[in-house]
Every structure is written in structure tokens, then in C-alpha cells.
2 protein chains.
Amino acid sequence: MFWLEINTSSKVDSLQNLKNKILSYTKVDEEPLDYWLSFYEKIELKKGESLISAGQVVTHFYYLDSGCIYYYKMQDGETKVLEFYTDDVFFTDLPAYVKGAPSRYFLRATEDTTVYAIKKSDTEKSFDNSHQLERFGRLSMQEAFIKSYSRVERLNSRTNEERYVRLLEKRPGLLQRVPQYLIASYLGLTPVGLSKIRKRLMRA
Amino acid sequence: MFWLEINTSSKVDSLQNLKNKILSYTKVDEEPLDYWLSFYEKIELKKGESLISAGQVVTHFYYLDSGCIYYYKMQDGETKVLEFYTDDVFFTDLPAYVKGAPSRYFLRATEDTTVYAIKKSDTEKSFDNSHQLERFGRLSMQEAFIKSYSRVERLNSRTNEERYVRLLEKRPGLLQRVPQYLIASYLGLTPVGLSKIRKRLMRA
DNA sequence: AGGTTTTATTAAACCAGTTTAATGAGTTTC
DNA sequence: GAAACTCATTAAACTGGTTTAATAAAACCT
């Protein structure tokens with residue numbers, strides 16, 4: 001009983017980041033917000049563990065509370081990294097989540113990571129019940145789209161060297177917590193290629 | 001008077017594609033849908049005309065009814081194409097639209113083109129008034145995000161040759177209506193590079 | 001701590017695309 | 001219908017990455 005209370009309050013506590021994140025998009029009243037939050041379950045991943053693997057059906061939308069997860073696929077035996085999710089972002093394998101089809105991707109922790117998960121059916125129920133939550137859904141999707149677009153922009157309008165430098169500036173610390181060959185893949189390079197670029201930059 | 005009536009009915013007529021497009025996302029009742037549609041104004045562009053130029057504030061969300069528009073930026077005097085919009089899609093310069101900041105991009109017609117435009121303030125009013133429209137907004141944004149993501153995926157996980165072939169398959173006809181150097185830019189190549197790839201493919 | 005595994009660097013040969021510049025084909029324009 | 005543009009191709013020299021393989025350095029066991 002006592003520990004249950006502790007547990008409950010600690011759950012609310014740990015959902016504080018998520019709560020703030022939601023409210024940063026739009027006003028949501030206490031009631032629908034608590035309703036929404038009540039559906040989340042906490043998932044703790046150890047370094048190297050997977051949240052989603054290719055072939056699985058994706059039934060949840062995730063919030064990354066702490067840690068780091070990379071989104072990748074295997075192609076001809078090679079790892080192709082599409083994105084790194086670090087603190088305080090929403091993510092899932094959206095194509096699979098939306099279509100209900102098996103995923104072609106992996107979501108795996110590069111370090112010990114805590115995420116919160118909400119079932120698709122619960123998000124839909126919540127969106128049905130609350131216009132405010134639906135708006136939150138729209139705005140968070142809009143933000144995701146803009147981020148993804150700026151990725152497209154960088155991908156085909158800068159040199160690899162510029163993109164690497166940019167990544168260092170824009171996400172300092174990422175290189176510290178993620179192995180370099182994953183960064184290389186994210187930039188569309190081989191580890192060897194990235195190493196050469198780094199060497200070039202050292203000299204300059 | 002007579003022509004006014006004609007004009008009105010022709011407006012409804014020409015908005016039929018747009019109406020169907022909206023309904024393909026989610027159910028929307030007649031009333032909010034007509035309210036939404038009532039805000040649109042038709043814009044006709046001749047080949048080579050611009051809808052948006054860098055420096056302008058972006059106040060509208062667009063629907064492309066017919067024709068083709070390319071979304072690009074100028075960088076060191078070079079045209080960098082980010083996207084081609086062809087029939088039956090929603091588009092705008094979203095980063096500028098959302099932030100209210102001046103655009104860093106251009107939206108220009110590669111051929112005679114008809115778009116319908118709705119003001120940002122009118123979309124916001126509509127979303128406030130109708131949960132159904134808000135949902136349409138969310139789902140259309142979600143679709144845009146997924147499309148953009150598949151673009152990211154292709155951009156850094158295929159060779160240029162594969163990406164060109166893919167583009168031919170996926171958007172047949174695009175090469176016919178758009179000059180090749182814009183396709184090259186879209187693929188992150190120079191016109192010379194694309195020409196070489198085409199030559200290589202001819203032989204094979 | 002010592003042995004295994006994982007990750008990063010280097011070297012050398014190679015290749016796909018760039019740059020620059022010239023040519024040629026197709027369109028516009030008056 | 002000739003002149004002026006625009007666009008696509010070709011060639012040649014170059015460059016920034018790849019591939020493969022070997023080595024070195026860190027991290028991870030037990």
C-alpha cells in the first residue's frame with residue numbers, strides 16, 4: 001500500500017518531462033492530459049537492447065525520456081542509420097505504426113535508455129475524446145515533418161565534410177555517446193570515409 | 001449575374017478534387033467542409049512563374065490541383081531542388097509558414113499550374129471550430145512526414161544510379177515535364193553526372 | 001589483469017561523380 | 001527563318017569518396 005503510493009507518485013514524477021513536452025505544443029486541460037498520461041507504460045532498455053526489430057508489428061508510439069535510440073535498417077548486411085533519438089522526443093517507426101504492417105526497421109538503444117510507450121488504440125481513443133489532444137497530435141507531427149525536411153535539405157545540399165561539422169555543432173555530445181561508425185552511416189559514409197574527413201579537419 | 005452563377009458553380013466544381021482529397025483522410029461533415037473550402041482562392045501560374053520567393057513571408061497553405069511546382073533554394077548561385085509537387089498534393093514552405101519568418105526557398109511552376117490557397121489564419125480558425133478538420137490536419141501532416149522520411153531513407157541508402165531508376169519508376173512522366181538539370185539537382189547530382197548515369201544505363 | 005571483441009585509423013588501389021569547357025540539339029522570339 | 005537562348009551530352013583532368021586488408025587502440029568480459 002505504502003509502496004504503491006510511492007510508485008504512483010514516482011510514475012507521475014517521471015512523466016513530468018513528457019507532460020511538459022506535450023504542453024509545449026498547445027494548451028491541454030488537466031483532465032484529458034491525465035487521461036492521456038494514464039495510458040503510458042515505462043520501458044527500460046539496457047545498452048544494445050532493441051525496442052523494435054524488423055518483422056515486428058509496431059503498436060506503440062514512444063517518448064524518449066533519457067538515453068539514446070537509433071533507428072536503422074539492414075540492407076545487404078549493412079546497417080543504415082536513419083535517425084538518432086535523444087532526450088525528450090517522440091518517435092516510433094511511423095510507416096509501420098500507421099499501416100499496421102510489419103516494420104522494416106530496428107529501434108535499438110546505444111546506451112541505457114528509458115522510454116514511455118502508449119498503445120495506438122489508446123492514442124486514437126484519446127484523440128477521439130479530446131480536440132485538444134488531437135491538436136497536440138497535429139502539432140507534434142508538424143514538428144516532426146519540419147525536422148525531417150531539414151534533414152533532407154542537409155542531405156543533398158552540403159558536402160559530407162560540412163554535414164559532419166554541422167552535426168558536431170548541432171548535436172554536441174552525440175559523437176561521445178554513439179560509436180563513430182553509426183555516425184558515418186547516418187551521414188551516408190563508410191567508417192573509413194568519415195575517418196579521412198576527421199583527419200582532414202584535424203590538420204586544418 | 002448569369003456569369004456570376006456560372007463562376008460560383010465552376011468554383012465548387014474545380015474544388016471537387018480538393019474535396020475528395022480531404023475526405024480521403026477522414027470523415028468531415030458537409031458543414032465544416034464547406035466552411036473550409038469557402039476560404040480557398042484559385043491561383044493560376046504560367047510556366048516559370050513563382051508562387052513564393054526567398055525573403056517573402058509565407059501566409060498560405062496550398063493545394064496543387066494541376067501542373068507542377070518545384071521547391072528549391074539558391075545556394076552559392078546554384079539551384080538546389082528539394083521537392084517536386086505534382087497533381088493532388090498539399091504543400092507550402094512549411095518552416096516559414098509555421099514560424100511566420102521570411103522564406104529561404106522558392107516555389108515555382110515548371111509548367112502552367114493551378115493551385116488553391118488558404119490563409120493561415122483561416123486554417124487556424126477552421127481547426128478551432130472543427131475537431132474533424134483538426135484531424136484532417138493531423139493526418140495530412142502525418143502523411144507528409146512519412147513521405148519526407150522515405151525521401152531521407154532513399155537519399156542516404158542507395159547509389160545515385162539506383163535513386164535515379166527508382167525515381168523513374170515511382171514518378172513516371174516527371175522526367176517528361178521537368179528539365180533534366182532539375183532532376184539532377186533533386187538527386188544531388190550535377191547535370192553532367194546525371195547524363196553519365198543515363199549513358200551507363202543505356203548500354204546495360 | 002588478461003584475453004576477446006569491438007571500434008577507429010591507415011594505406012593503396014580504385015571508381016563514381018565533379019569541374020570546366022566545347023559541341024550539338026531543340027526552343028523561343030521577333 | 002535566322003538569331004538567341006536553353007538544355008543535354010561529351011571529353012579530360014581531377015577529387016573525394018569506396019573497398020579491402022592490416023594495424024592499433026578501447027571497451028568488455030569472467
Side-chain angles (χ1 to χ4, degrees), chain A residues 45-50 68 70 72 74-81 84 106 108-112 154-168 173-204, chain B residues 46-50 68 70 72 74-81 84 108-112 154-168 173-204:
Chain A
L45 296 166
K46 289 256 165 264
K47 178 174 178 170
E49 286 181 341
S50 290
C68 180
Y70 65 114
Y72 69 102
M74 295 306 292
Q75 192 172 275
D76 316 317
E78 276 182 59
T79 298
K80 296 285 184 176
V81 176
F84 295 106
F106 299 80
R108 188 201 293 228
T110 66
E111 62 189 53
D112 291 0
R154 276 167 308 191
L155 269 175
N156 77 342
S157 75
R158 309 247 167 212
T159 65
N160 291 319
E161 184 173 318
E162 282 173 315
R163 299 216 320 273
Y164 172 66
V165 172
R166 269 255 179 141
L167 184 65
L168 284 186
L174 191 65
L175 204 72
Q176 275 54 263
R177 56 206 294 198
V178 165
Q180 200 168 299
Y181 69 91
L182 291 181
I183 302 274
S185 169
Y186 176 78
L187 293 170
L189 297 170
T190 58
V192 178
L194 178 53
S195 184
K196 276 186 158 188
I197 287 172
R198 283 161 56 80
K199 193 181 182 184
R200 213 158 57 215
L201 288 169
M202 282 308 194
R203 269 200 305 268
Chain B
K46 289 254 164 266
K47 177 176 178 168
E49 286 182 341
S50 290
C68 180
Y70 65 114
Y72 69 103
M74 296 306 294
Q75 191 171 275
D76 317 317
E78 277 181 58
T79 298
K80 297 285 186 176
V81 176
F84 295 105
R108 189 201 292 228
T110 66
E111 62 189 53
D112 293 359
R154 277 167 307 190
L155 268 175
N156 77 343
S157 73
R158 308 249 168 208
T159 66
N160 291 319
E161 184 173 316
E162 281 172 316
R163 299 218 317 275
Y164 171 67
V165 172
R166 269 256 179 143
L167 184 64
L168 284 187
L174 191 65
L175 204 71
Q176 274 54 263
R177 57 206 292 198
V178 165
Q180 200 168 297
Y181 69 92
L182 291 180
I183 303 276
S185 169
Y186 176 79
L187 293 169
L189 296 170
T190 58
V192 178
L194 179 53
S195 185
K196 275 185 160 190
I197 288 172
R198 283 162 56 80
K199 192 180 181 182
R200 212 156 61 215
L201 288 170
M202 283 307 194
R203 269 201 305 267

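Predicted model, so just to flag it, every value in this text is computed and none were measured. Proteins get letters first, then strands, A, B, ... in listed order; numbering begins at 1 in each.
One atom, NZ of B/Lys196, and another, C1' of D/dA11, lie 9 Å apart when rounded to the nearest Å. Atom-to-atom, CG of A/Leu194 to P of D/dG16 comes out at 16 Å; the value is rounded to the nearest Å. Rounded to an integer number of Å, the gap from CD1 of A/Ile197 to P of D/dT15 is 16 Å. For the pair B/Asp76 CG and C/dT18 P, the computed distance is 15 Å after rounding to whole Å. B/Ile183 has its CD1 atom 17 Å from the P atom of C/dG17, to the nearest Å. Nucleotide D/dT10 holds its P atom 9 Å from the CE atom of B/Met202, rounded to whole Å. Per the geometry, CD belonging to A/Glu111 stands 17 Å off C1' belonging to D/dC28, to the nearest Å. For the pair B/Leu187 CG and C/dG17 C1', the computed distance is 13 Å after rounding to whole Å.
Put simply, B/Thr190 has a side-chain N or O that comes within less than 4.0 Å of OP1 or OP2 on C/dT18. Contact annotation: A/Asn160 does not reach the phosphate of D/dG16 (side-chain N/O to OP1 or OP2, under 4.0 Å). Note on B/Lys199: a side-chain N or O is less than 4.0 Å away from OP1 or OP2 of D/dA11. At the phosphate of D/dG17, OP1 or OP2 sits under 4.0 Å from a side-chain N or O atom of A/Arg200.
Not one N or O on the side chain of B/Thr110 forms a donor-acceptor pair closer than 3.5 Å with the backbone of B/Val178. Distance alone, capped at 3.5 Å, is enough to place a donor-acceptor pair between the A/Asp112 side chain and the A/Lys47 backbone.
Taking CG from B/Leu187 and CD1 from B/Ile197, the interatomic distance works out to 7.5 Å, rounded to the nearest 0.5 Å. Atom OG1 of B/Thr190 sits about 9.0 Å away from atom CD of B/Glu78, to the nearest 0.5 Å. Put simply, CZ on A/Arg163 and CG on A/Leu189 are 6.5 Å apart, with the number rounded to the nearest 0.5 Å.
Counting non-hydrogen atoms under 4.0 angstrom, B/Leu189 reaches the backbone sugars and phosphates but no base.
Each of B/Gly193 and B/Lys47 lies near DNA chain C, and the nucleotide nearest B/Gly193 is the one positioned closer to the 5' end.
Counted within 6.0 Å of CZ on A/Arg166, heavy atoms from surrounding residues, nucleotides or ligands total 12 or fewer; the atom is thus considered open.
Between B/Tyr70 and B/Phe84, the ring-plane angle classifies as tilted under the 30° and 60° cut-offs.
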For nucleotides 4-8 of chain C, which of its nitrogen or oxygen atoms have a protein nitrogen or oxygen under 3.5 Å away, and what is each distance?
| residue | atom | partner | partner atom | Å |
| --- | --- | --- | --- | --- |
| C/dT7 | OP1 | A/Tyr181 | OH | 3.4 |
| C/dT7 | OP2 | A/Tyr181 | OH | 3.2 |
| C/dA8 | OP1 | A/Gln180 | N | 2.7 |
| C/dA8 | OP2 | A/Gln180 | N | 3.2 |
| C/dA8 | OP2 | A/Tyr181 | N | 3.1 |

